[in-house]
Asker: 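Please find one structure pasted underneath; my questions will follow.
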2 protein chains.
Amino acid sequence: MITARIKRGSAELAILALLAEEPLHGYEIARRIEKQSGGVLRFTLASLYPLLYRMDKRGWVRGAWQTLPSGRQRRCYELTPKGRKQMPPMLKEWGLFFRALHKLAGVSRA
Amino acid sequence: MITARIKRGSAELAILALLAEEPLHGYEIARRIEKQSGGVLRFTLASLYPLLYRMDKRGWVRGAWQTLPSGRQRRCYELTPKGRKQMPPMLKEWGLFFRALHKLAGVSRA
DNA sequence: TCCCTATATATAGGCTTCCGATGTATATGT
DNA sequence: ACATATACATCGGAAGCCTATATATAGGGA
């Protein structure tokens with residue numbers, strides 16, 4: 001039986017989902033999480049960068065330095081096949097968790 | 001704007017929801033969380049008891065020792081009015097959070 | 001009789017995950 | 001000139017949960 005632990009780990013899923021659409025750099029990821037969640041999910045940069053390094057180390061994303069025309073540097077992250085494989089089980093686990101919490105406490109999406 | 005932090009804190013909500021139906025002792029709470037969530041939410045007793053003490057300290061629940069006919073003792077927890085008031089905002093926050101995660105990553109309840 | 005499981009509470013120690021505060025540096029608008 | 005936005009980075013710490021362990025009683029099966 002799949003058991004969904006009670007945990008916050010939704011940040012990783014959010015990042016994977018964003019990078020599944022297109023490669024992004026850190027600062028842009030944070031902005032999109034806030035924007036695309038309607039301002040609900042706030043995510044500080046102090047949380048984001050260590051998270052990205054960890055996901056890079058695991059091989060879920062691959063970061064590469066870019067040099068902008070201005071000469072400025074930034075790190076662009078791309079989803080790897082291994083990272084893409086992580087998504088379905090995470091989606092399933094969160095779905096299960098949500099349904100369970102709904103059954104117990106009546107949490108609704110509406 | 002209400003911002004839902006990314007956190008696991010669902011345990012407190014689950015406990016409040018169970019105690020809203022009827023007073024229960026710790027061991028029974030853990031059993032019901034597992035049972036009523038279809039085995040999805042697992043919750044170790046080592047997490048549960050400190051949580052109950054904290055909620056008692058905050059005045060959300062009130063624990064009282066019972067002596068069973070067998071002479072055995074156990075602690076029965078009851079929801080307080082203050083505890084009941086915590087539920088609607090928590091439900092709202094979790095609802096917002098799930099909608100946001102659904103928008104971002106496609107987490108579904110179905 | 002002895003052991004195993006279930007019931008019931010409790011604590012120590014530690015891990016993961018996230019946040020606040022702070023720092024550095026460049027680009028852009030006013 | 002100055003404020004704001006962009007962009008990355010780290011330190012320290014808090015929160016929330018788990019593993020392991022301890023204690024003690026009750027009931028069932030070998």
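Note that the structure is predicted; figures quoted are calculated from it, not measured. We name chains A, B, ... by the order of the sequence lines, and we start the count at 1 in each one.
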Asker: Can you see if the side chain of A:Tyr27 gets near the phosphate of D:dC8 - specifically, an N or O under 4.0 Å from OP1 or OP2?
Answerer: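 Indeed not, no polar side-chain atom of A:Tyr27 lies that close.
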Asker: Below the 4.0 Å mark, does C:dT7 have OP1 or OP2 next to a side-chain nitrogen or oxygen of B:Arg31?
Answerer: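 Yes.
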Asker: Just verifying a value: how many Å separate B:Leu41 CG and A:Lys103 NZ, rounded to the nearest 0.5 Å?
Answerer: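 Output value for this atom pair is 9.0 Å.
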Asker: Can you run down the side-chain hydrogen bond (donor to acceptor under 3.5 Å, both in side chains) pairs that involve residues 76-85 of chain A, sequence neighbours left out, and say none if there aren't any?
Answerer: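 Non-adjacent pairs meeting side-chain hydrogen bond (donor to acceptor under 3.5 Å, both in side chains): A:Arg75-A:Tyr77.
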Asker: How many Å lie between CG on A:Leu24 and P on D:dC8, as a whole number?
Answerer: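 The answer, rounded to whole Å, is 11 Å.
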Asker: Between A:Thr44 and B:Cys76, name the one whose nearest nucleotide on DNA chain C is closer to the 5' end.
Answerer: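 By nearest-heavy-atom nucleotide position, the 5'-most residue is B:Cys76.
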Asker: Can a salt bridge be assigned to the pair A:Lys35 and A:Glu28 using a cut-off of 4.0 Å between side-chain N and carboxylate O?
Answerer: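 Looking at A:Glu28 together with A:Lys35, the answer is no, because their closest N to O distance does not fall below 4.0 Å.
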Asker: Look at the side chain of A:Arg54 and decide which nucleotide, out of C:dC18, D:dC8, D:dT19, has an atom nearest to it.
Answerer: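 That would be C:dC18.
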Asker: Starting at CG of B:Leu52 and ending at P of C:dA8, how long is that distance when rounded to a whole Å?
Answerer: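 It is 14 Å, rounded to the nearest whole Å.
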Asker: Apply salt bridge (Lys or Arg N to Asp or Glu O under 4.0 Å) to A:Arg72 and list each qualifying residue two or more places apart in sequence or on a separate chain.
Answerer: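 Listed in chain order: nothing, the list is empty.
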Asker: Give, for atom CD of B:Gln73 and atom CD of B:Gln66, the distance between the pair rounded to the nearest 0.5 Å.
Answerer: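 So the CD of B:Gln73 and the CD of B:Gln66 are separated by 10.0 Å.
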Asker: Can you tell me how far P of D:dA15 sits from NZ of B:Lys57, to the nearest Å?
Answerer: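 B:Lys57 atom NZ is separated from D:dA15 atom P by 12 Å.
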Asker: How many whole angstroms separate atom CZ of A:Arg75 from atom P of C:dA25?
Answerer: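 To the nearest whole Å, that distance equals 19 Å.
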Asker: B:Arg31 vs B:Tyr27, test: side chain to side chain contact (heavy atoms under 4.5 Å, CB included). Steps then yes/no.
Answerer: CA-CA 6 Å; B:Arg31 210 163 37 182; B:Tyr27 195 85; 4.2 Å; yes
Asker: Whole angstroms only, please: what is the OH-P distance between B:Tyr53 and C:dA8?
Answerer: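 For the pair B:Tyr53 OH and C:dA8 P, the rounded distance is 15 Å.
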Asker: Give the ring-plane orientation class for A:Phe98 versus B:Phe98, where under 30° counts as parallel, over 60° as perpendicular and anything between as tilted.
Answerer: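 Parallel, since the angle between the ring planes stays under 30°.
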Asker: Which comes earlier along DNA chain D counting from the 5' end, the contact point of A:Ala46 or that of A:Arg74, where each point is its nearest nucleotide?
Answerer: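 The residue closer to the strand's 5' end, by nearest nucleotide, is A:Arg74.
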Asker: Would you say a side-chain N or O of A:Arg42 is under 4.0 Å from OP1 or OP2 of C:dC18?
Answerer: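 No, A:Arg42 has no side-chain N/O under 4.0 Å of OP1/OP2 on C:dC18.
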Asker: Rounded off to whole Å, could you give me the CG-to-P distance for the B:Leu45 and D:dA22 pair?
Answerer: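 The answer, rounded to whole Å, is 17 Å.
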Asker: Within this structure, what is the CG-to-P distance between B:Leu48 and D:dC17, rounded to whole angstrom?
Answerer: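 The answer, rounded to whole Å, is 11 Å.
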Asker: In whole Å, what is the span from the CG atom of B:Asp56 to the P atom of C:dT9?
Answerer: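 Distance check: B:Asp56 CG to C:dT9 P gives 13 Å.
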Asker: Does C:dT9 have OP1 or OP2 sitting under 4.0 Å from an N or O in the side chain of B:Tyr49?
Answerer: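 So the side chain of B:Tyr49 is within the cut-off, an N or O lying under 4.0 Å from OP1 or OP2 of C:dT9.
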Asker: Can you list, in residue-number order, the parts of residues 59-73 of chain A that come under 4.0 Å of DNA chain D, counting heavy atoms only?
Answerer: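 Residues of residues 59-73 of chain A that come under 4.0 Å of DNA chain D are, in numerical order, A:Trp65, A:Arg72.
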